[in-house]
Structures are given as C-alpha cells and as structure tokens.
Amino acid sequence: MTVTVDTNWTYNDIRTVLLENELLRVIIMPDLGAKIWQITFKPRGKDLLWHHPRMKPRKLALHSVYDDHFFGGWDELYPNDIAETIDGEPFPDHGEIWTLPWQYALERVDPEEVTLHMWVETPISATRLSKRVTLRAGESKLRFAHTITNLGRKPQPYLWKLHAAMAADEHSRIDLPARTMEMEGFGSPRTGKTSYSYQWPYSQDDTGEVHDMRRVLPHSSGVSEFQYATDMQAGWCALTHTREGIGFGLSYDNRVLPTCWLFASYGGWRELQTVVLEPCSGYPVGLQDGLDRGTHQVLQPGETVSCTVIATVYEGLSAVDHIDADGEVTGTAR
C-alpha cells in the first residue's frame with residue numbers, strides 16, 4: 001500500500017496537485033485558494049464533492065463575487081463571508097483567501113504518507129494562513145492541520161470557515177450533533193418560512209406539519225435553505241448517500257469551530273443541487289453583526305489559532321451517530 005503525489009500538471013492554467021492512495025484520489029488547486037477540487041473514493045468510483053454543472057474553475061481577481069464563481073469543491077473562507085467594511089477596510093465577498101494563489105511545498109513524501117503544505121499571506125488583513133494536508137496509505141481519510149496568524153499590529157476581527165460543497169440527491173441525509181438551529185432570512189425553506197429557530201432535526205411549518213431537516217430533497221422541490229447550528233454538542237458533520245451506503249464526514253476541534261452552517265439548494269437557488277457543510281468559528285453571515293452579538297472572534301496581534309480537521313469517506317451506513325477525533329465514524333448500518 002503506497003501513497004503517490006503528482007505536481008506536474010495544470011487545469012485551465014491553475015496549478016494542480018494530485019494525492020492518491022489505494023482508496024482516495026484527491027485533487028487540490030493551490031492557485032485557486034487552495035481549493036480541494038475532487039475527492040474520489042476509488043473502490044466505488046464515487047466523487048464526493050459537488051461541481052457546478054455550467055462552470056469550470058478558472059483564476060479569479062481578489063474582489064470577485066463568490067456566488068457568480070461558485071465552481072464547487074471545498075473552499076476556505078477568511079476573515080469574512082458577505083462583503084463588508086470592517087475598521088474602515090472593505091473586505092471581498094466571501095473573504096480574501098478563496099481567490100488567492102497559495103504557495104505550496106511537499107514536506108513529507110514516502111511510500112506510506114504524503115504531506116502537502118500550502119500557505120498564503122493576505123493583502124488586506126495581514127494574516128498568514130497555513131494548511132498541511134496529509135494522506136496515509138490504507139486510509140480513506142484526509143488529515144488537515146490549519147494555523148492562522150495575525151501578522152499585523154492591530155486586532156483582526158474574523159470568521160474562519162470550511163466550505164465543502166457536497167454532491168447530494170433525494171437519497172442523501174445530513175447528520176450533525178446540533179441542538180438549536182437558526183434559519184436565515186434567505187431562500188425558500190421547506191417549512192415555507194425564514195428567520196426563525198427550531199430544535200434539530202425536526203421543524204414545523206405553519207400548518208403543523210413536521211419536517212425532518214436531515215432529509216435532502218429532490219431537485220424538483222425547488223427548496224433552498226441557509227441555517228446555522230448554534231449549539232453543537234461535538235465537532236463533526238456528515239452527509240450520507242443512503243442508497244449507496246457511502247458518505248463523507250468532517251471531524252474537527254469544536255472549541256475552534258463551535259458553529260456549523262448548512263447551505264442547501266434543492267433546485268431552489270440557481271437551479272443547483274448541493275449541500276454545503278460549513279464548520280465555522282462563529283455566526284451569523286455578517287462579521288460586524290457577529291462582533292456586536294459576541295459570536296465572532298478577534299485575532300490579537302501576533303496571535304495564532306490552530307485547528308486539526310479530518311475528512312473521512314465511510315461505507316456501510318445509512319445514518320451517522322458520531323465521528324470521533326480520529327475521524328472514525330459510527331452509526332446505523334445500511
């Protein structure tokens with residue numbers, strides 16, 4: 001059992017790195033925000049990440065509009081989500097780092113393990129972000145080590161968020177250890193209402209009908225939902241393809257990423273079908289709003305925040321009960 005790495009090719013002039021073992025094929029794009037473009041479970045030929053059916057990745061300018069360039073894959077956001085001005089500085093839509101080219105180097109390459117180190121220094125917030133991605137032989141896991149350091153002289157307000165767009169259909173299911181959910185004032189949720197709270201996983205509409213919010217809906221439903229899990233009991237989330245018995249889960253330090261956002265379009269937003277798993281350092285979508293509420297963070301000069309994340313592809317389950325700190329998944333057998 002071996003791990004291989006290939007850094008010798010590009011896609012639409014985007015530097016691209018391929019990591020591969022006997023179970024996973026992973027494609028990463030350092031030139032496009034260090035995007036994780038593809039995670040394929042090789043024994044089943046299953047691609048777990050979603051790709052926009054009408055757009056292909058390309059290099060972008062710093063202040064690009066995210067929604068109009070939502071190619072898919074797994075992005076990372078810092079230090080904000082919606083475009084807004086913080087301390088007199090205008091920050092781009094969905095933050096600085098998703099369009100920037102990141103530097104990269106191979107730190108460890110041997111037959112049993114490969115680590116790809118990627119890093120970037122931001123032009124506005126004077127922050128250094130680093131992530132190491134490790135693939136080991138015999139594992140269907142990607143192991144991430146993230147650090148974020150304020151290089152500046154001033155405190156830096158921020159949100160830091162993973163943004164993994166998942167392939168999903170009406171046979172898919174979302175699991176996470178949430179209690180309270182807040183539905184944003186966006187889209188056309190299945191309950192027919194926005195801007196309200198409920199207790200996961202069941203939400204009631206105005207007619208009294210109870211909806212299981214774990215259930216992914218078909219494209220024909222025309223539903224779109226954007227919500228926050230504001231009271232997580234542990235740091236994990238998962239999406240399972242119940243008919244195939246295969247799924248994708250994230251486990252992470254819940255002290256660093258205490259909130260999990262869920263964005264879902266079931267045909268209701270731009271005719272797209274995807275679920276985006278978004279562990280985040282706070283909420284809501286507005287950074288200044290969260291600072292006022294005390295739900296977003298501030299990175300002090302010279303301060304570093306670190307977080308480990310494990311992405312696991314698993315088989316044989318129809319629902320997930322728990323993912324531990326090493327990415328081991330337990331749940332209901334298919």
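Start at 1 with the first residue, then count along the sequence. Computed from a predicted model, the values in this text were never measured in an experiment.
- Tyr314 pairs by the ring pair (Phe, Tyr, Trp, His ring centres under 6.0 Å) definition with nothing, not counting sequence neighbours.
- Here the closest heavy-atom approach between residue Ile86 and residue Pro157 is recorded as CG2-CG, 3.9 Å.
- With sequence neighbours left out, the ring pair (Phe, Tyr, Trp, His ring centres under 6.0 Å) criterion links Trp119 to His117.
- Pairs engaging residues 125-150 under the ring pair (Phe, Tyr, Trp, His ring centres under 6.0 Å) rule: Trp74-Phe144, Phe144-His146, His146-Trp160 [sequence neighbours left out].
- Within the structure, every pair that satisfies the side chain to side chain donor-acceptor pair (under 3.5 Å) test and touches residues 283-295, not counting sequence neighbours, is listed here: Gln288-Asp292, Asp289-Arg293.
- Looking only at atom types and distance, the side chain of Tyr196 has a donor-acceptor partner in the side chain of Thr191 under 3.5 Å away.
- A donor-acceptor pair shorter than 3.5 Å can be found between the side chains of Tyr66 and Asp75.
- Side-chain contact of Glu209 with Thr207: a donor-acceptor pair under 3.5 Å is absent, judged by distance alone.
- With respect to Lys141 and Glu328, a salt bridge is recorded, a charged nitrogen being found less than 4.0 Å from a carboxylate O.
- Grouping the Ile, Leu, Val, Met, Phe, Trp and Tyr side chains by contacts below 4.5 angstrom, directly or via other members, places Leu151 apart from Leu299.
- Checked for salt-bridge contact, Asp87 and Lys154 miss the test: no charged N lies under 4.0 Å from a carboxylate O.
- Listed by chain and number, the residues in a side-chain contact (heavy atoms from CB on, under 4.5 Å) with Ser224 are Phe186, Ser188, Trp269 (sequence neighbours excluded).
- Judged purely by distance below 3.5 Å, without hydrogens or angles, the side chains of Glu96 and Ser125 pair a donor atom with an acceptor atom.
- Across all non-hydrogen atoms, the minimal contact from Val320 to Ile323 is CG1-CG1, 3.9 Å.
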Would you mind writing out the side-chain donor-acceptor pairs for residues 54-63 within the sub-3.5 Å range, not counting sequence neighbours?
from	atom 1	to	atom 2	distance (Å)
Arg54	NH2	Arg270	O	3.0
Lys59	NZ	Asp13	O	3.2

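- For Asp231, the salt bridge (Lys or Arg N to Asp or Glu O under 4.0 Å) partners two or more places apart in sequence, or in a different chain, are Arg179.
- The distance between the ring centers of Phe71 and Trp98 does not fall below 6.0 angstrom.
- Residues meeting the salt bridge (Lys or Arg N to Asp or Glu O under 4.0 Å) test with Glu89, sequence neighbours left out: none.
- The shortest non-hydrogen separation linking Tyr158 to His296 is O-CB, 4.0 Å.
- Glu20 meets the salt bridge (Lys or Arg N to Asp or Glu O under 4.0 Å) test with Arg25, Lys42; sequence neighbours excluded.
- Applying the side chain to side chain donor-acceptor pair (under 3.5 Å) test to every pair with at least one member in residues 254-267, sequence neighbours left out, gives these pairs: Asp253-Arg255.
- Residue pairs meeting the salt bridge (Lys or Arg N to Asp or Glu O under 4.0 Å) criterion with at least one member in residues 314-324, sequence neighbours excluded, are Arg44-Glu315.
- Ring to ring, Tyr198 and His211 are not that close: their centroids are 6.0 angstrom or more apart.
- Nearest heavy atom pair, residue Gln199 against residue Thr180, reads NE2-OG1, 3.3 Å.
- Among all heavy-atom pairs drawn from Phe41 and Ser140, the shortest one is CE1-CB, 4.1 Å.
- For residues 190-199, the pairs satisfying salt bridge (Lys or Arg N to Asp or Glu O under 4.0 Å) are Arg190-Glu225, Lys193-Asp206, with sequence neighbours left out.
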